[in-house]
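Predicted, not measured: the structure shown is a model, and the values here were computed from it. Proteins get letters first, then strands, A, B, ... in listed order; numbering begins at 1 in each.
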Number of protein chains: 2
Amino acid sequence: MNIGEVAERAGLPAKTIRYYEDIGLVKPPRDANGYRAFRDSDLHKLAFLARARALGFSIEDCRVLVGLYQDDHRASADVKRVAEEHLTRIDEKIAQLQGMRDTLATLVDACHGDDRPDCPILKDLAEGN
Amino acid sequence: MNIGEVAERAGLPAKTIRYYEDIGLVKPPRDANGYRAFRDSDLHKLAFLARARALGFSIEDCRVLVGLYQDDHRASADVKRVAEEHLTRIDEKIAQLQGMRDTLATLVDACHGDDRPDCPILKDLAEGN
DNA sequence: TATGGGGGTTCCAGTCATGGGAAGGTAAAG
DNA sequence: CTTTACCTTCCCATGACTGGAACCCCCATA
């Protein structure tokens with residue numbers, strides 16, 4: 001398989017796949033013409049990566065997860081720990097965004113949004129209450 | 001005021017303030033020795049920027065907001081529009097994270113987390129359901 | 001046999017909003 | 001005078017790509 005087909009099937013841009021090779025996540029062999037010759041196992045791994053990334057795992061987390069995936073003697077506890085830590089980070093991020101959202105929504109609500117200059121949004125940013 | 005004091009009072013790292021000057025957000029004059037000599041208005045603007053950034057506005061949004069803030073003839077509608085667009089982006093981001101969170105929480109829940117290799121998390125990543 | 005199109009390749013630069021650290025000048029304190 | 005604490009500029013790194021240039025390769029058609 002060439003990179004185009006793999007990109008299509010894994011749901012990743014070709015650029016991203018080249019990048020993943022660059023950082024050692026996949027190691028497809030090369031054809032005589034220099035083209036990457038992806039095996040089924042490479043495609044499989046890339047699809048795995050695509051899904052892990054879609055769940056927000058960092059590249060380094062992905063590296064760990066792929067390692068665990070390929071290790072028949074892994075302990076599911078190790079996988080779970082990685083996932084739990086990621087879940088915690090996501091929760092923190094959501095909480096942070098939610099805080100912004102609430103403040104922002106209050107301000108937007110308080111703003112008339114007409115052609116006059118008075119604006120509680122700017123007032124808040126300027127004075128910080 | 002030197003950069004250290006301004007950093008302290010605006011709640012921004014000195015590095016960040018230098019960066020903001022670099023991209024034209026603030027333009028403090030210089031003393032004879034080359035030190036930045038911040039005026040009250042610079043401090044005020046930097047505090048404004050710090051709060052806008054804390055609400056998640058991008059640097060470009062901040063540039064617009066500062067411009068509106070300094071324009072006595074602004075229409076509050078213009079401010080409100082910027083804030084509403086930002087609010088929408090935040091809501092999208094929260095929804096996206098919430099989706100990840102839910103999937104992840106389900107998977108974590110389903111994983112025994114013991115020393116055996118069977119793991120629904122990896123299974124999901126590998127097969128994608 | 002040219003030529004055109006649609007693959008593929010590498011390499012370099014840019015994104016966003018900083019942060020780290022080096023190398024050096026300056027000011028305040030003891 | 002020396003130490004210490006600032007300040008300056010400059011360049012590199014981050015994460016995870018994305019865009020683009022310049023070039024190679026394979027196949028089909030006129």
Side-chain angles (χ1 to χ4, degrees), chain A residues 1-39 42-43 45-46 48-66 85-86 89-90 92-93 96-97 100, chain B residues 1-39 42-43 45-46 48-66 86 89-90 93 96-97 100:
Chain A
M1 267 177 295
N2 281 348
I3 201 169
E5 188 182 348
V6 176
E8 171 89 13
R9 292 172 61 179
L12 287 173
K15 275 258 170 189
T16 298
I17 295 174
R18 292 197 193 95
Y19 171 66
Y20 286 175
E21 185 191 25
D22 225 49
I23 61 173
L25 279 179
V26 277
K27 300 182 176 45
R30 300 294 182 117
D31 276 343
N33 58 13
Y35 286 21
R36 289 170 185 80
F38 293 87
R39 298 154 294 190
D42 295 315
L43 171 58
K45 193 192 281 189
L46 285 165
F48 181 101
L49 288 168
R51 282 186 284 263
R53 292 287 302 129
L55 284 181
F57 285 104
S58 72
I59 291 286
E60 285 318 304
D61 278 349
C62 288
R63 206 187 288 278
V64 172
L65 289 172
V66 165
E85 283 171 9
H86 179 45
R89 281 191 300 268
I90 288 184
E92 288 167 359
K93 191 139 216 174
Q96 189 200 353
L97 286 173
M100 290 178 184
Chain B
M1 265 177 296
N2 281 347
I3 202 169
E5 188 182 347
V6 176
E8 171 89 11
R9 291 172 60 178
L12 286 172
K15 275 259 170 188
T16 298
I17 296 175
R18 291 196 193 96
Y19 171 67
Y20 286 176
E21 183 190 27
D22 223 49
I23 62 174
L25 278 179
V26 278
K27 300 182 177 45
R30 299 295 181 118
D31 278 342
N33 58 14
Y35 286 21
R36 290 168 184 82
F38 293 88
R39 297 154 294 190
D42 295 316
L43 171 57
K45 193 192 281 190
L46 285 165
F48 180 101
L49 288 168
R51 282 185 284 263
R53 292 286 301 129
L55 283 181
F57 285 104
S58 72
I59 290 287
E60 285 318 305
D61 279 349
C62 288
R63 206 187 288 279
V64 172
L65 289 173
V66 166
H86 180 44
R89 283 192 299 268
I90 287 184
K93 191 137 218 176
Q96 189 200 354
L97 286 173
M100 289 178 184

Those residues that, when tested against B:Tyr35, pass ring-ring contact (aromatic ring centres under 6.0 Å, His included) (two or more places apart): none
Over the length of the helix from C:dT1-D:dA30 to C:dG30-D:dC1, how much do the five-pair end axes diverge, rounded to 10 degrees? 30°
Note: A:Phe38 and A:Ile3 closest approach over all heavy atoms is CE1-CA, 3.6 Å
Scan for side chain to side chain donor-acceptor pair (under 3.5 Å) pairs involving residues 54-65 of chain A, sequence neighbours excluded, and state none if there are none. A:Glu60-A:Arg63, A:Asp61-A:Arg89
Separation of D:dA16 atom P from A:Glu21 atom CD, nearest Å, is 18 Å
Return all side-chain donor-acceptor pairs below 3.5 angstrom for residues 17-32 of chain A, not counting sequence neighbours, or 'none' if the list is empty.
{"unit_1": "A:Glu21", "atom_1": "OE1", "unit_2": "A:Arg30", "atom_2": "NH2", "d": "3.2"}
{"unit_1": "A:Glu21", "atom_1": "OE1", "unit_2": "A:Arg36", "atom_2": "NE", "d": "2.5"}
{"unit_1": "A:Glu21", "atom_1": "OE1", "unit_2": "A:Arg36", "atom_2": "NH2", "d": "3.0"}
{"unit_1": "A:Glu21", "atom_1": "OE2", "unit_2": "A:Arg30", "atom_2": "NH2", "d": "3.4"}
{"unit_1": "A:Lys27", "atom_1": "NZ", "unit_2": "A:Gly24", "atom_2": "O", "d": "3.0"}
{"unit_1": "A:Arg30", "atom_1": "NH1", "unit_2": "A:Gly34", "atom_2": "O", "d": "2.9"}

Per-nucleotide protein contact string for nucleotides 2-8 of chain D (B base, S sugar-phosphate only, - none; heavy atom under 4.0 Å): ----BSB
A:Glu92: partners by side chain to side chain donor-acceptor pair (under 3.5 Å), with sequence neighbours left out: none
Taking side chain as C-beta onward, heavy atoms only, is A:Ile90 less than 4.5 Å from A:His86? yes
Within the structure shown, what part of the strands sits under 4.0 Å from A:Tyr20 by heavy-atom distance: base, sugar-phosphate, or nothing? sugar-phosphate
Please round to the nearest 0.5 Å and tell me the distance separating atom NZ of A:Lys93 and atom CG of A:Leu97. 7.0 Å
Show me, pair by pair, the donor-acceptor contacts under 3.5 angstrom made by side chains of residues 8-15 of chain A, not counting sequence neighbours?
{"unit_1": "A:Arg9", "atom_1": "NH1", "unit_2": "A:Glu5", "atom_2": "OE2", "d": "3.0"}

Minimum heavy-atom separation for A:Cys62 and A:Arg53, please, with both atom names. SG-CD, 3.8 Å
Rounded to whole angstroms, how far apart are CD1 on A:Ile59 and C1' on D:dT14? 14 Å
Under-4.0 Å side-chain N/O to phosphate OP1/OP2 contact, A:Ser58 with D:dG15: no
Separation of atom CG in A:Leu46 from atom C1' in D:dA16, rounded to whole Å: 15 Å
For B:Phe57 and B:Val64, run side-chain contact (heavy atoms from CB on, under 4.5 Å): C-alpha distance rounded to whole Å, both residues' side-chain angles, the deciding distance at 0.1 Å, then the answer. CA-CA 10 Å; B:Phe57 285 104; B:Val64 172; over 6 Å; no
Is B:Asp42 salt-bridged to B:Arg39, going by a charged N under 4.0 Å from an acidic O? yes
Would you grab the first and last nucleotide of DNA chain C (5' to 3') that comes under 4.0 Å of any non-hydrogen atom in chain A? C:dG7 to C:dC11
